[in-house]
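Heavy-atom basis, side chains included; hydrogens, waters and symmetry copies ignored. Numbering of residues begins at 1 and proceeds along the displayed sequence.
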Amino acid sequence: MFDSSKFTAALTADPEKIRTAFTGDTAFAGRLQAAVGSYIGSDGAFTQRTNGLNAQIKDVASQRTALDARMEAVGNRYKAQFVALDSMIAQMNTTSSALAQQLASLTAQTG
């Protein structure tokens, strides 16, 4: 637990000793910087994880673009098939009507 009165007394008695305890490579600040640097430095765990996630985001984006292109192609193919089928059904309906009329006239002639 931090005792402010003891800290103030030590700071008053020997300020250089307190400063040395907090600053420098082997002091508290230096060790804290080294510990934090291992996480956020260029080879740190957080940096590597961030880079990995960014690479996955780019990969998913390219996969999505490819999927969009495939879906567009499938949609265009289905539209073309529907138009061809619709045209064929219209021709068959026309043929059916013509045949029905011919059969009706044939029945009227023989009947």
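- We find the OG-CG distance between Ser4 and Leu11 to be 12.0 Å, quoted to the nearest 0.5 Å.
- Thr23 and Ala29 get closest at one heavy-atom pair: CA-CB, 4.4 Å.
- Applying the salt bridge (Lys or Arg N to Asp or Glu O under 4.0 Å) test to pairs two or more places apart or on separate chains, those with a residue in residues 4-16 are Glu16-Arg19.
- Here the straight-line distance linking atom CD of Gln33 with atom CD1 of Ile40 works out to 9.0 Å at 0.5 Å rounding.
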* To do: Output, in order, the C-alpha distance, side-chain angles, deciding distance and verdict of side-chain contact (heavy atoms from CB on, under 4.5 Å) for Phe7 and Ile18.
  => CA-CA 9 Å; Phe7 179 75; Ile18 300 297; 3.7 Å; yes
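- Scanning both residues, Ala27 and Ala21, for their nearest heavy atoms gives CB-O, 3.1 Å.
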Give the table of side-chain donor-acceptor pairs shorter than 3.5 Å for residues 55-65, with sequence neighbours excluded, one pair per line with atom names and distance.
unit_1: Asp59; atom_1: OD2; unit_2: Gln63; atom_2: NE2; d: 3.2
unit_1: Ser62; atom_1: OG; unit_2: Asp59; atom_2: O; d: 2.8
unit_1: Thr65; atom_1: OG1; unit_2: Ala61; atom_2: O; d: 3.0

Side-chain donor-acceptor contacts of residues 79-94 below 3.5 Å, not counting sequence neighbours, with atom names and distances?
unit_1: Asn93; atom_1: ND2; unit_2: Ile89; atom_2: O; d: 3.4
unit_1: Thr94; atom_1: OG1; unit_2: Ala90; atom_2: O; d: 2.9

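- Counting heavy atoms from C-beta on, the side chains of Asp43 and Gln48 come closer than 4.5 Å.
- In terms of modelled atom types and a separation under 3.5 Å, the side chain of Thr47 and the main chain of Gly41 share a donor-acceptor contact.
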